Asks: 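Following this message is one structure expressed as structure tokens.
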Number of protein chains: 2
Amino acid sequence: MNISQVSKKYGLSIDTLRYYEKEGLIPPVHRNESGIRDYTEQDCGWVEFIKCMRGAGLSIETLREYISLHAKGNCTLQKRKDLLIAERAKLQERLQEMQETLKRLNYKIDFYDKKIVACEKELLGRRKNK
Amino acid sequence: MNISQVSKKYGLSIDTLRYYEKEGLIPPVHRNESGIRDYTEQDCGWVEFIKCMRGAGLSIETLREYISLHAKGNCTLQKRKDLLIAERAKLQERLQEMQETLKRLNYKIDFYDKKIVACEKELLGRRKNK
DNA sequence: GCTTGACTTGAAGTTAACTCCAGGTATTAC
DNA sequence: GTAATACCTGGAGTTAACTTCAAGTCAAGC
């Protein structure tokens, strides 16, 4: 799979894919004889994983660290787990905050509904009194 | 209430408070005779609201638009409601995505648990065989 | 054999959202 | 009255995360 196919498949720009690789967010992608990227299933798996984690707000820095630990093999299993646990905690906090804000938005939208109705009534009333 | 008290109260830097005001994210703050900001209850309310919305990922641009509509009075009620509905939809999408990722992290952490146990067993096994 | 189009690289540019700085004013403490 | 402190402004600088660019390679079609 070449880079533009991967780009379409995951909705990440070609430039972003190269950037992620350059920055060590995904392990080096397999290349053909002439140096052109040829993504394996596994390479695609990494792309998908990174896309997912970035979408949840994990930083480039954190993901680079994770991949770097991964590259060092089994002796970093515990460290990787700890990293994921820390990131999960942050994610849970963000989720909580956002859920609160969602509730607030719902409430606010309801409030606007009522306000709009009240406002229309007032306009109607004024017209009658003219 | 002066700016440093507001800064402490909401955990936003003084520079950020001034920046938000300059950018029109909050309506102009009340000033005393010598031009120094003196936040009223209402000013604080706006700060809190913007902090909350920024925390949920609403952009500066969007919030500026909202405040600008607010400043124009009742004839923008419907537009403001529409804006909030659109932002709520985006927020819900972000939430969904993040919840999926949370599940995935949970799964992955479990997986690491098992892998670590398996790895330790293997090490133990090797030691016995020596 | 040469043009076209997709790939490559390193480096520079962009964007959003702050954050810092220099130079100035006003109030309080001594 | 002057030194310290907290505020003010406009503008420059920073950071993360891309995004664009210039210059080059390579394979396919004509």
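All of these numbers come straight from a predicted model, not from anything done at the bench. A note on names: the letters A, B, ... follow the listed sequences, proteins ahead of strands, and every chain is numbered from 1.
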Asks: Which residues in residues 23-37 of chain B have at least one heavy atom lying under 4.0 Å from any atom of DNA chain C?
Replies: B/Ser34
Asks: According to the ring pair (Phe, Tyr, Trp, His ring centres under 6.0 Å) rule, which pairs have a member within residues 82-115 of chain B, sequence neighbours left out?
Replies: none
Asks: Tabulated below should be each protein N or O lying under 3.5 Å from an N or O of nucleotides 20-23 of chain C; please produce it.
Replies:
none

Asks: Which residues pass the side chain to side chain donor-acceptor pair (under 3.5 Å) test with A/Thr62, sequence neighbours left out?
Replies: A/Ser59
Asks: Sequence neighbours left out, what passes side chain to side chain contact (heavy atoms under 4.5 Å, CB included) with A/Asn2? Give chain and number order.
Replies: A/Ser4, A/Gln5
Asks: Closer to the 5' end of DNA chain D via nearest nucleotide, is it A/Tyr19 or B/Asn2?
Replies: B/Asn2
Asks: Going by side-chain hydrogen bond (donor to acceptor under 3.5 Å, both in side chains), name the pairs with one or both residues in residues 87-100 of chain B, residues two or more places apart or in two chains.
Replies: A/Asn106-B/Arg88, B/Glu87-B/Lys90
Asks: List the residues meeting side chain to side chain contact (heavy atoms under 4.5 Å, CB included) with A/Asp15, not counting sequence neighbours, and say none if there are none.
Replies: A/Ser13, A/Arg18
Asks: Return each pair, listed once, that meets ring pair (Phe, Tyr, Trp, His ring centres under 6.0 Å) where at least one residue sits in residues 66-95 of chain A; pairs must be two or more places apart or across chains.
Replies: A/Trp46-A/His70, A/Phe49-A/Tyr66
Asks: Using the heavy-atom set of chain B and a strict 4.0 Å cut-off, write down the first and last nucleotide of DNA chain D that makes it in, 5' to 3'.
Replies: D/dC7 to D/dG11
Asks: With sequence neighbours left out, what residues match A/Ser68 under side chain to side chain donor-acceptor pair (under 3.5 Å)?
Replies: none
Asks: According to the salt bridge (Lys or Arg N to Asp or Glu O under 4.0 Å) rule, which pairs have a member within residues 64-76 of chain B, sequence neighbours left out?
Replies: B/Glu23-B/Arg64, B/Glu61-B/Arg64
Asks: Which residues in residues 39-61 of chain B have at least one heavy atom lying under 4.0 Å from any atom of DNA chain C?
Replies: B/Arg54, B/Ser59, B/Ile60
